There are 2 protein chains.
Amino acid sequence: MADGPTINTIAERAGVSIASVSRVLNGLPTRQETIRKVLAAAEELGYVRNAVARSLKSRRTNQVAFAMADIGNPVYLAMVRQIQPVLKAAGYRLVLHSTDAIAADEIDVLHSLGERYVDGLIMSPLRVTEAHLETLKAARAPVVIIGSVPDGTRVDNVRADSRTGVRLALDHLHALGRRRIALVNGPLDTVPGASRGAAYAEALEELGLPYDDGLVEIGDFYRADGARAVAALLARRPDIDALMCANDLIALGALDVLRAAGRRVPEDVAVVGMDDTELAAASYPSLTSVSLGSAERGKAAVELLLDRLQRGDREPRLVTVPPRLVVRASTSGEEPALPYDLTTNTPGALAGAAPGHQSSAQEGGAG
Amino acid sequence: MADGPTINTIAERAGVSIASVSRVLNGLPTRQETIRKVLAAAEELGYVRNAVARSLKSRRTNQVAFAMADIGNPVYLAMVRQIQPVLKAAGYRLVLHSTDAIAADEIDVLHSLGERYVDGLIMSPLRVTEAHLETLKAARAPVVIIGSVPDGTRVDNVRADSRTGVRLALDHLHALGRRRIALVNGPLDTVPGASRGAAYAEALEELGLPYDDGLVEIGDFYRADGARAVAALLARRPDIDALMCANDLIALGALDVLRAAGRRVPEDVAVVGMDDTELAAASYPSLTSVSLGSAERGKAAVELLLDRLQRGDREPRLVTVPPRLVVRASTSGEEPALPYDLTTNTPGALAGAAPGHQSSAQEGGAG
DNA sequence: AAGCCATCTGTAAACGTTTACTGAGTTGGC
DNA sequence: GCCAACTCAGTAAACGTTTACAGATGGCTT
């Protein structure tokens with residue numbers, strides 16, 4: 001792995017100055033003969049432009065960072081899936097940070113923008129503290145925040161609307177005749193937990209249903225927490241006829257416990273999840289879920305960022321992505337039609353002619 | 001966003017030379033008084049060290065890239081989940097590339113190592129062509145390949161053993177008394193497709209079962225392909241009693257179609273998936289699946305890479321991760337015990353005292 | 001034929017660090 | 001009290017680019 005060639009090496013080889021080499025490589029007007037010599041030399045030497053030196057001089061890295069709480073969370077992954085191709089098309093690389101929802105880590109990331117290893121940042125913090133806002137104000141590169149931020153904060157911002165989302169779900173359950181609707185929520189000191197709790201209370205009121213503390217159970221956002229919470233709920237209020245779950249994982253835990261308890265879904269208890277992750281369509285019964293538009297939020301965020309990288313001076317914008325209720329069997333009782341046509345068999349499939357993008361696994365026979 | 005301070009600014013402010021500033025910031029021996037002055041100035045100015053300039057001089061970026069075929073694929077995500085924290089702990093940032101399994105893109109990534117924007121690369125190519133190997137040989141930074149690579153290739157390599165994996169699955173099905181075991185495979189020109197096809201044929205032979213072309217169906221690696229393939233299989237061979245699916249998504253499609261056709265799983269047809277993604281545990285019936293150890297492979301890869309970054313001269317290593325059969329209801333008929341204890345309700349959960357790491361969703365009430 | 005202009009190329013500085021080298025000042029040995 | 005040795009700090013070069021500026025060359029115009 002000997003040291004690679006630089007423009008100096010090329011300049012020598014081609015018998016020109018490094019300025020000429022640079023000009024040719026950047027497509028600036030140059031005499032044909034010079035272009036030919038430089039390109040020939042570069043080709044022979046297998047020259048590749050050093051991105052670090054280039055960044056130092058040009059003050060751009062063509063890298064963008066995305067910081068999320070948990071890299072294993074399907075919600076963030078839906079965002080990454082949108083963000084990556086857009087960045088790639090615009091000539092940027094994607095740097096990933098997983099902060100484990102630790103505020104100090106998030107602030108570190110903001111602070112490290114001063115290192116100038118990226119041109120911009122998309123961040124999705126779980127909680128937004130004063131310290132976040134302070135650091136944000138002093139950030140040395142454009143930032144887009146996915147999630148709520150106090151009004152008046154001068155930053156590009158993309159929000160979901162889980163208030164309306166919860167409302168959609170409760171309206172749906174109410175229309176189905178459900179009247180004892182429990183809430184299985186996550187921790188109240190997280191942004192989603194707090195707002196979903198409040199939205200639940202509000203929606204009940206508007207529907208003319210009484211708010212009952214006994215119908216609310218709080219745990220963390222995982223499947224096991226959902227299972228535990230629902231077991232407790234069933235013991236306390238055996239007559240519940242619907243469950244509003246603060247995310248899909250909680251809802252899956254709920255399905256586990258309901259099945260074990262012999263309750264039919266949705267006949268006895270209807271279940272609604274939230275986030276509409278791919279798990280919702282995979283479960284059985286398939287899960288009605290409120291999509292908060294993770295994909296759309298990711299897309300909006302990256303677009304805001306790219307736009308700002310072009311025009312750093314424009315006013316900050318706020319984009320709110322509307323929620324959408326995706327009805328499946330856990331409330332309707334009917335499995336949705338399979339999302340594909342069985343009659344059309346892939347032509348030539350037996351010949352192995354499939355175009356073969358994405359396969360689901362890497363591997364290697366042991367030999 | 002005015003230009004940030006540099007060591008020059010600090011040097012002026014502190015009344016010392018830039019060399020002293022650099023020494024202080026790097027912890028090299030310096031007089032107390034100087035240290036104090038420099039740190040004070042740095043603090044006041046909110047100095048953050050420029051990573052690009054530092055990289056240029058030191059010839060290391062503290063970045064590592066991971067290139068995968070498809071960022072949406074749970075198999076790669078399982079790897080990323082392992083890789084990211086290890087890198088972070090070692091002081092490296094993670095750069096993600098999604099190549100859409102396009103060979104040219106993969107080769108581009110290898111080639112771009114010459115830009116020196118990362119110190120090393122972990123790559124998981126779907127197909128390995130001559131061109132890959134050529135470029136690999138000339139790569140300007142350490143590379144670890146996840147997936148098969150021809151014997152003798154001088155590169156750190158992590159492999160799954162899908163051959164043994166398929167074997168485990170077929171042994172299991174055979175032991176359950178199944179004799180007409182179909183294969184739903186992916187494209188034969190991918191590494192996984194090819195080797196799973198071969199392993200299926202081999203395993204049948206060792207089990208003394210006849211190989212029958214009519215029992216093999218090929219599509220792509222998605223749920224819809226699985227559904228289509230199984231519909232065709234059922235039409236052609238109504239008497240099949242087991243399905244070996246080349247990945248979990250295909251298996252989910254299979255479950256859809258079997259259910260629609262009124263076949264009971266596993267009584268009439270047993271189903272085995274592959275990769276043991278989180279979808280396998282979420283489906284109903286839950287899916288027996290062959291784990292190829294994606295997480296372990298990710299971990300092994302990043303460890304190989306970090307090791308090589310320390311000692312560039314050591315011999316290339318090969319790590320093979322053994323497969324594991326995870327038996328669930330789609331073959332055994334019994335839902336596995338819930339992986340959590342329902343009796344222990346989270347203490348204090350109602351008080352919202354949960355530590356609240358990872359929540360499943362970002363959001364923001366519309367106001 | 002002189003002067004001008006256009007076109008191209010080379011020189012050198014700059015981006016923000018790290019670090020080899022040198023020299024100044026201090027300490028200590030004898 | 002002189003010289004050696006040591007400690008610390010400053011100067012300057014280097015990392016590999018881009019680019020402002022100036023110089024060179026040649027073709028036109030007049």
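Everything numeric here is computed off the predicted structure, so don't read it as measured data.
- Residues B/Val80 and B/Leu94 are in side-chain contact: their nearest non-hydrogen atoms beyond the backbone lie under 4.5 Å apart.
- Whole-Å rounding puts the B/Glu33 CD to D/dC8 P distance at 13 Å.
- Distances from the side chain of A/Lys57 to the nucleotides D/dT17, C/dT19, D/dG10 place D/dT17 closest.
- As a whole-Å value, the separation of B/Arg31 CZ from C/dT26 C1' is 11 Å.
- The distance between atom CD1 of A/Ile10 and atom C1' of D/dG16, rounded to the nearest whole Å, is 11 Å.
- Atom pair B/Ile35:CD1 and D/dC8:C1' shows a separation of 11 Å (rounding to whole Å applied).
- Residue B/Arg59 places none of its side-chain N or O atoms closer than 4.0 Å to OP1 or OP2 of D/dA14.
- Residue contacts for B/Val16: at a heavy-atom cut-off of 4.0 Å it reaches the sugar-phosphate backbone alone, with no base atom in range.
- At a cut-off of 3.5 angstrom, counting only N and O atoms as typed in the model, there is a donor on one side and an acceptor on the other between the side-chain of A/Arg23 and the base of C/dG10.
- For D/dG10, the OP1/OP2 oxygens have a side-chain nitrogen or oxygen of B/Ser17 closer than 4.0 Å.
- No hydrogens or angles were tested; on distance alone, nothing pairs the side chain of A/Arg116 with the base of C/dG16 as donor and acceptor under 3.5 Å.
- Of the candidates C/dC15, C/dT18, D/dT11, C/dT18 carries the atom nearest the B/Arg49 side chain, counting heavy atoms from C-beta on.
- With C/dG10, D/dA9, D/dT18 as the candidates, the nucleotide lying closest to the side chain of B/Thr30 is D/dA9.
- Between the CG atom of A/Asn8 and the P atom of D/dT18 there is a distance of 12 Å, rounded to whole Å.
- Taking the side chain as every heavy atom from C-beta outward, B/Met123 and B/Ile146 never approach each other to under 4.5 Å.
- With a 4.5 Å cut-off on side-chain heavy atoms, A/Val16 and A/Lys37 count as touching.
- For B/Tyr117 and A/Arg54, the side-chain atoms include no donor-acceptor pair closer than 3.5 Å.
- Using a 4.0 Å cut-off between a side-chain N of Lys or Arg and a carboxylate O of Asp or Glu, B/Arg93 and A/Glu115 qualify as a salt bridge.
- Ion pairing between a basic and an acidic side chain is recognised when a charged N comes within 4.0 Å of a carboxylate O; B/Asp105 and A/Lys88 show such pairing.
- For A/Leu56, the side-chain atoms get nearest to D/dG16 when compared with the rest of D/dG16, D/dT17, D/dG10.
- Residue contacts for B/Leu28: at a heavy-atom cut-off of 4.0 Å it reaches no nucleic acid atom on any strand shown.
- The CD1-P distance, from A/Ile7 to D/dT18, rounds to 6 Å in whole Å.
- If you check every strand for non-hydrogen atoms under 4.0 Å, B/Ser58 touches nothing.
- For B/Thr34, counting side-chain heavy atoms from C-beta on, the closest listed nucleotide (C/dG16, C/dT19, D/dC8) is D/dC8.
- Look at A/Tyr47 and you'll find a side-chain N or O under 4.0 angstrom from OP1 or OP2 of D/dT17.
- Closest to the side chain of B/Asn26, out of C/dT18, D/dC15, C/dG16, is C/dT18.
- Counting only heavy atoms from C-beta on, A/Ser20 has its side chain closest to C/dG10 among C/dG10, C/dT17, D/dT17.
- Of the candidate nucleotides C/dT19, D/dT18, C/dG10, C/dT19 has the atom lying nearest to any side-chain atom of B/Ala19.
- Between the CZ atom of A/Arg60 and the P atom of D/dT19 there is a distance of 11 Å, rounded to whole Å.
- B/Arg54 places its CZ atom 17 Å from the C1' atom of C/dC15, with the value rounded to the nearest Å.
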